Amino acid sequence: MQIVADGVIWDGSDAPIEHRTCVRTNVSLAHDGTLYVAFRWGTARESIDGHEGLMASVDMGETWEVRFDGCGMGSWDGVPGEIKGLETFETAPGELLGTGLWSDASDPDAPFIHPETQGLLPMRIFHTDSSDGGRTWGPRRRIETPPYPGSPCSHVVRLSNGSLAQPYEYWKGYEDPSPARPGARMLLSHDDGATWDEDVLVAEDPDNELYYWDQRIDVHPETGQLVAMFWTHSPVTGEVQDVHIAWGSPDGRSWSVPQHTGLPGQHCQGVPLGGDRLLAIYSRRSDPPGIAVSISEDFGQTWDRARDLSVYDSGVGTESGASGSREQADLWADMVAWRFGHPRGVMLPNGEAFVVYYGGDDKVKSARWARISPGS
């Protein structure tokens, strides 16, 4: 594997203060070849002025233009709020469906994570539509995930049977003192997003000894088999595990038990490259810190680690919580302090993978891209 080209999508170093931090990057490819990269802008990685941003490229990443800036649009039904990010997917030529997460910011002094219960502020998953290339967006539609306080893990995914899947994860409410029992689920829509009336369990440890976080779901281009990759954590030892992987039926209704991959990462996006080839793009907090890529020739059963590629080297020192046991409160603090992450990718028509992520330092974080040739 090799990096063919790379560059910057958004440079936070000379941006206005409310656009200085660019995180939660993601990417989608439209039928006309337009690349859409959406993310969260704000003064800090966690701040009540967080809002969605969307940029587009029509030349495979060489140049970028701002398509949407949601600064100042966080209120919902009169309640002040923060938008944690936006992810886009083209449901039909020229029709974008955006998935976002809204968080209650009515009390500007309330931390996002409750310092005692470790619960999260009230949140809402929402969908919104654009028919003009992401320049304007329609009203937000709340996507219910009862009884779970849900957070979206990606944009919607088109299954081989035509249904749409909305992956999400759940934690617990702000004032809930009970132990968390997180898991990964997804909603299914069989009417192209008009309703979401089926809720499927993707991964949950019945003994609550492993947390399966930030699932990324993709589809085998020929068989329709689903694959999900998880940032996996052990609350028993307090340590991050290697990336785990599970496979789902093409209709999304049945899933294997997640298994080890041996990949030493957290957020991990699988990118199907045709046939059984699968690329994994993941955040690596140590050894050294950065964004790494691994490849599998059997759809994730095994990984050819000898071909691993470093896409981004942080260069600003050891990441918070990079190793050792961490309490849940420490983990939340680590996440706020991280200087890079959230890698995502899509396959381009020429067989290359287009990868996006954010990187920077303690004050400024920018969105970046790379094109990767997987080789033969």
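Heavy-atom basis, side chains included; hydrogens, waters and symmetry copies ignored. These numbers come from a predicted model, not from an experiment. Nothing fancy with the numbering, it's 1 onward along the sequence.
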Using a strict threshold of under 4.0 Å (side-chain N to carboxylate O), is an ion pair present between R284 and D308? no
Test item: S106 side-chain N/O and P80 main-chain N/O as donor-acceptor pair under 3.5 Å: no
Of the non-hydrogen atoms in L121 and S103, which two are nearest, and what is the gap between them? CB-OG, 4.0 Å
Checking R305 side chain against G262 main chain: does a donor-acceptor pair fall under 3.5 Å? yes
A side-chain contact here means heavy atoms from C-beta on lying under 4.5 Å apart; do E87 and V156 qualify? no
Would you tell me whether T302 and D304 have side-chain atoms, one donor and one acceptor, within less than 3.5 Å of each other? no
Do M55 and Y358 share a hydrophobic cluster, counting only Ile, Leu, Val, Met, Phe, Trp and Tyr and linking them when any side-chain heavy atoms are less than 4.5 Å apart? no
Using the rule given for side-chain contact (heavy atoms from CB on, under 4.5 Å), can you reason through L35 versus L348, listing the C-alpha separation, both sets of side-chain angles and the distance that settles it, and then say yes or no? CA-CA 10 Å; L35 286 161; L348 297 173; 4.2 Å; yes
Look at the aromatic rings of W41 and H19 and report parallel, tilted or perpendicular, splitting at 30° and 60°. perpendicular
Min side-chain heavy-atom separation R20-K363 under 4.5 Å: no
Would T145 and Y170 count as a side-chain contact (heavy atoms from CB on, under 4.5 Å) if you check the C-alpha gap in whole Å, the side-chain angles of each, and the deciding distance to 0.1 Å? CA-CA 9 Å; T145 58; Y170 51 93; over 6 Å; no
Co-membership, hydrophobic cluster, residues W369 and V27, 4.5 Å side-chain: yes
Hydrophobic cluster membership, with links at side-chain heavy-atom distances under 4.5 Å among I/L/V/M/F/W/Y: are V202 and L210 in one? yes
Ignoring hydrogens and angles, tell me if any N or O in the side chain of S296 forms a donor-acceptor pair with the backbone of L278 under 3.5 Å. no
Is R344 close to F39 at the side-chain level, that is, under 4.5 Å between some pair of heavy atoms? no
Give a yes or no answer on whether the side chain of S310 reaches the backbone of A292 with a donor-acceptor pair at less than 3.5 Å. no
Search all heavy atoms of T88 against all heavy atoms of N26 and return the closest pair with its distance. N-OD1, 3.9 Å
How close do I3 and A370 get, counting heavy atoms only, and between which atoms? CG2-CB, 4.4 Å
Under 6.0 Å between ring centres: does that hold for Y312 and Y357? yes
Should L86 and T128 count as side-chain neighbours, where that means a heavy-atom distance under 4.5 Å? yes
With rounding to the nearest 0.5 angstrom, report the CE to CD distance, M347 to E352. 10.0 Å
Between M186 and Q166, is any pair of side-chain heavy atoms under 4.5 Å apart? no
Return the CD1 to NE2 distance between I291 and H342, rounded to the nearest 0.5 Å. 10.5 Å
Lys/Arg N to Asp/Glu carboxylate O, R185 vs D199, below 4.0 Å: yes
Linked, directly or transitively: W255 and W247 (ILVMFWY side chains, under 4.5 Å): no
Report the relative orientation of the aromatic rings in W213 and W231; use parallel for angles under 30°, tilted for 30 to 60°, perpendicular for over 60°. perpendicular
Between W171 and Y211 (judged by ring centroids, cut-off 6.0 Å), do the two rings come close enough to count as a pair? yes
Does CD in E327 sit with more than 12 non-hydrogen atoms of other residues, nucleotides or ligands closer than 6.0 Å? no
Hey, any chance W332 and I48 share a hydrophobic cluster, counting ILVMFWY side chains that come within less than 4.5 Å of each other, even indirectly? no
Between S283 and P343, the two heavy atoms sitting closest are OG-CD, 3.2 Å
Specify the closest pair of heavy atoms between L273 and A353, including all atoms of both residues, with the distance to one decimal. CD2-CB, 4.5 Å
For residues M1 and L279, determine if any side-chain heavy atom of one lies less than 4.5 Å from a side-chain heavy atom of the other. yes
M123 and S151 have their tightest heavy-atom pair at CE-CB, 4.4 Å
SB check R45 D362 (cutoff 4.0 Å): no
So does R24 pair up with E46, basic N to acidic O under 4.0 Å? yes
What I'd like to find out is whether the side chain of V243 reaches to under 4.5 Å of the side chain of I245, using heavy atoms alone. no
Show your working on side-chain contact (heavy atoms from CB on, under 4.5 Å) between W137 and L96 and close with a plain yes or no. CA-CA 9 Å; W137 293 87; L96 295 180; 3.9 Å; yes
Please determine whether side chain to side chain donor-acceptor pair (under 3.5 Å) holds for the pair S47 and R40, giving the CA-CA distance in whole Å, both sets of side-chain angles, and the decisive distance to 0.1 Å. CA-CA 11 Å; S47 54; R40 175 200 178 274; 3.0 Å; yes
Please round to the nearest 0.5 Å and tell me the distance separating atom CG of D197 and atom NE2 of H190. 5.5 Å
Ring centres of H244 and F230 under 6.0 Å apart? no
Using side-chain heavy atoms (C-beta onward) and a distance below 4.5 Å, is V37 in contact with L54? no
Take atom CD in E116; do more than 12 heavy atoms of anything else shown fall under 6.0 Å from it? no
Would you compute the distance between atom CE of M73 and atom CD of E52 and round it to the nearest 0.5 angstrom? 7.5 Å
I would like to know whether E319 and F340 meet side-chain contact (heavy atoms from CB on, under 4.5 Å); could you show each step before the answer? CA-CA 9 Å; E319 288 286 284; F340 67 87; 3.6 Å; yes
Under 3.5 Å, is there a donor on one side chain and an acceptor on the other for T43 and E18? no
